[in-house]
Structure formats: structure tokens, C-alpha cells
Amino acid sequence: HSAEAHNGLGTALGHAGNVSESIEQFHLALDDRPGYAEAHNNLGSALLAEHQLPEAVHEFKSALEANPDFAQAHNNLGYAYAAQGKIDEAMEEYRKAIAINPGHAPAYNNLGLALATKGDLDNAIANFSKAVELEPANAQAEENLGHALMTKGSVDEAIPHFNKAL
């Protein structure tokens, strides 16, 4: 069980802000159990936090090789692609995450951001709305919805979403 323990410790250290130590723990988990999808995903997230994008992409892909139906890893891979400016690839990953888990609010929010980047405000608004519907306390999705509505010229509609985000 040491792979799980290293993975758990890495997660806790990451939440405590000790990202370099968390990366070390995820590597130890993977040394103990190669192909451990959750540890690859967590390592990818830690590397993403350190702005090590190519390395993060590699870890998310490794997680998905081990578990192709890992919605969170698809979402995270999409986020890493978006950070690299690869919006179409990001959107593909967000859609895969949603297909696997239709209740994955972060994927809807991220897909909304990608669509807004491409200028597709109507579909961005629909995705932000779905994220808020699934996770009413998601302040980021509320704020994103407000921005998209404002950009579209629906200021009166946007105001309540900004208020909910506060």
C-alpha cells in the first residue's frame, strides 16, 4: 500500500503548498506502482502548478493510458493544452471528460472558457450555465458566466452572476 500512501501524502503536501515535496511523493508512488493513474494525474497537476506544461501533459497522458475513462485526467489534460494555447485540443479533452462524466462541472467551465476564447459566446454561456447548475457554489463558473453575458451585451443578466460569485 505504499504507492497509495505516497500518493496521499503527495496530495496533502500539495494542498499545504509544498508542491516540490508533493512531486517527490508522486514519483515515489509511481516508482512503487508504475501505471498508477491517480498518481500520474496528481503528478501532472503538481507539475502544472509549477508551470512545467510539457511534463504535465506527459503525466496526464500516462494517467489516461492507464485509465482511458479517467474524466478528471481528460479535464486536466485539456487545461494543460489550453495553457499552451492549444484550444482545439483542449476542447476535445473537455468533451471527453463530459462524455465520461456528464456531472463534471469543471469540464463544462473549462469548455466554456475555451469556447469564449474562440468567440463562441452562446455555447460558452451554455457551458458556464451547466457548470453552475451542477455546482451552484462554483464562484469561478458564475464569474465566467457573468463575463460572457457582459461581453455579449447582456449586462442586466450578468449582474446577478457576479453577485453570486462574491
Side-chain angles (χ1 to χ4, degrees), residues 1-117 123-124 126-145 165:
H1 297 293
S2 75
E4 288 81 3
H6 285 296
N7 186 56
L9 180 56
T11 301
L13 287 166
H15 286 294
N18 299 324
V19 180
S20 60
E21 289 178 44
S22 75
I23 288 171
E24 211 174 288
Q25 290 300 316
F26 297 133
H27 279 295
L28 290 170
L30 290 165
D31 288 345
D32 191 51
R33 191 167 133 208
Y36 182 12
E38 192 175 326
H40 278 295
N41 184 61
N42 291 339
L43 176 55
S45 294
L47 292 165
L48 196 58
E50 294 288 292
H51 308 289
Q52 296 179 34
L53 297 176
E55 297 86 350
V57 166
H58 173 77
E59 292 304 326
F60 295 135
K61 286 182 175 180
S62 296
L64 291 166
E65 282 174 29
N67 179 4
D69 291 331
F70 195 169
Q72 186 180 358
H74 280 290
N75 183 60
N76 291 344
L77 178 57
Y79 192 87
Y81 281 149
Q84 293 177 315
K86 300 176 180 177
I87 303 303
D88 290 332
E89 291 93 332
M91 288 173 38
E92 186 179 327
E93 293 303 323
Y94 300 144
R95 287 184 172 119
K96 286 179 184 175
I98 290 165
I100 293 163
N101 178 3
H104 195 70
Y108 286 100
N109 185 56
N110 290 337
L111 180 55
L113 288 168
L115 289 161
T117 299
N123 283 315
N127 278 278
F128 294 140
S129 296
K130 184 69 176 178
V132 168
E133 174 191 319
L134 291 168
E135 230 174 60
N138 188 330
Q140 190 62 61
E142 287 282 7
E143 185 179 334
N144 292 339
L145 180 53

Practice prompt. Look up atom NE2 in His27 and atom CG in Leu43, then write down how far apart they are to the nearest 0.5 Å.
Written response: 4.5 Å
Worksheet item: Under the salt bridge (charged side-chain N to carboxylate O under 4.0 Å, His left out) criterion, do Glu92 and Arg95 qualify, and how do the steps go?
Response: CA-CA 5 Å; Glu92 186 179 327; Arg95 287 184 172 119; over 6 Å; no
Item to complete: Without swapping roles, check the side chain of Asn7 against the backbone of Ala3 for a donor-acceptor pair under 3.5 Å.
Response: no
Discussion item. Is it true that Glu21 and Asn18 share a donor-acceptor pair across their side chains at a distance under 3.5 Å?
Written reply: no
Worksheet item: What's the shortest heavy-atom distance between Ala66 and Gly35, and which atoms?
Response: CB-O, 3.1 Å
Worksheet item: Out of Glu59, Lys61, Glu65, which one pairs with His40 under the side-chain hydrogen bond (donor to acceptor under 3.5 Å, both in side chains) rule?
Response: Glu59
Discussion item. For the CG atom of Leu111 and the CG atom of Asn127, what is their distance to the nearest 0.5 Å?
Written reply: 4.0 Å
Discussion item. Nearest 0.5 angstrom please: Leu113 CG to Phe128 CZ, how far?
Written reply: 4.0 Å
Worksheet item: Going by heavy atoms in the side chains, are Phe60 and Leu48 under 4.5 Å from each other?
Response: yes
Item to complete: Please name the pair of heavy atoms, one in Ala141 and one in Ala131, separated by the smallest distance, quoted to 0.1 Å.
Response: CB-CB, 3.8 Å
Worksheet item: So, do Ile87 and Met91 sit near enough that their side-chain heavy atoms are less than 4.5 Å apart?
Response: yes
Discussion item. Please find the pair of heavy atoms, one from Ala116 and one from Ala124, that lie closest to each other, and give the distance.
Written reply: N-CB, 3.7 Å
Practice prompt. Rounded to the nearest 0.5 Å, what's the gap from CG on Asn138 to CG on Asn109? Could you check?
Written response: 5.5 Å
Fill in: Residue among Leu30, Thr11, Ile23 satisfying side-chain contact (heavy atoms from CB on, under 4.5 Å) with Asn42
Thr11
Output a table of donor-acceptor pairs, distance under 3.5 Å, between side-chain atoms of residues 69-80 and any protein atom two or more places apart or on a different chain; print 'none' if there are none.
from: His74; atom 1: ND1; to: Glu93; atom 2: OE1; distance (Å): 2.6
from: His74; atom 1: NE2; to: Pro68; atom 2: O; distance (Å): 2.9
from: Asn75; atom 1: OD1; to: Asn110; atom 2: ND2; distance (Å): 3.0
from: Asn76; atom 1: ND2; to: Asn41; atom 2: OD1; distance (Å): 2.9
from: Asn76; atom 1: ND2; to: Ser45; atom 2: OG; distance (Å): 3.4
from: Asn76; atom 1: ND2; to: Gln72; atom 2: O; distance (Å): 3.4

Practice prompt. Identify, with sequence neighbours excluded, every residue that meets side-chain hydrogen bond (donor to acceptor under 3.5 Å, both in side chains) alongside Ser2.
Written response: Asp32
Practice prompt. Evaluate the side-chain proximity of Arg33 to Glu4: yes if any heavy-atom separation is below 4.5 Å, no if none is.
Written response: yes
Worksheet item: Between Ala107 and Ala97, what is the shortest heavy-atom contact and its length?
Response: CB-CB, 3.9 Å
Worksheet item: Is there side-chain contact between Val57 and Gln84, with heavy atoms separated by less than 4.5 Å?
Response: yes
Worksheet item: Looking only at heavy atoms, what is the nearest atom pair of Glu135 and Pro106, with distance?
Response: OE2-CD, 4.2 Å
Worksheet item: To the nearest 0.5 Å, what is the distance between CZ (Phe26) and CG (Leu13)?
Response: 8.0 Å
Worksheet item: Can you name the residues that form a side-chain hydrogen bond (donor to acceptor under 3.5 Å, both in side chains) with Gln140, not counting sequence neighbours?
Response: Asn144
Worksheet item: For Ala39 and Ala29, which heavy atoms make the closest approach, and how far apart are they?
Response: CB-CB, 4.1 Å
Worksheet item: Which distance, rounded to the nearest 0.5 Å, do you find between the CD1 of Ile98 and the CG of Leu134?
Response: 9.0 Å
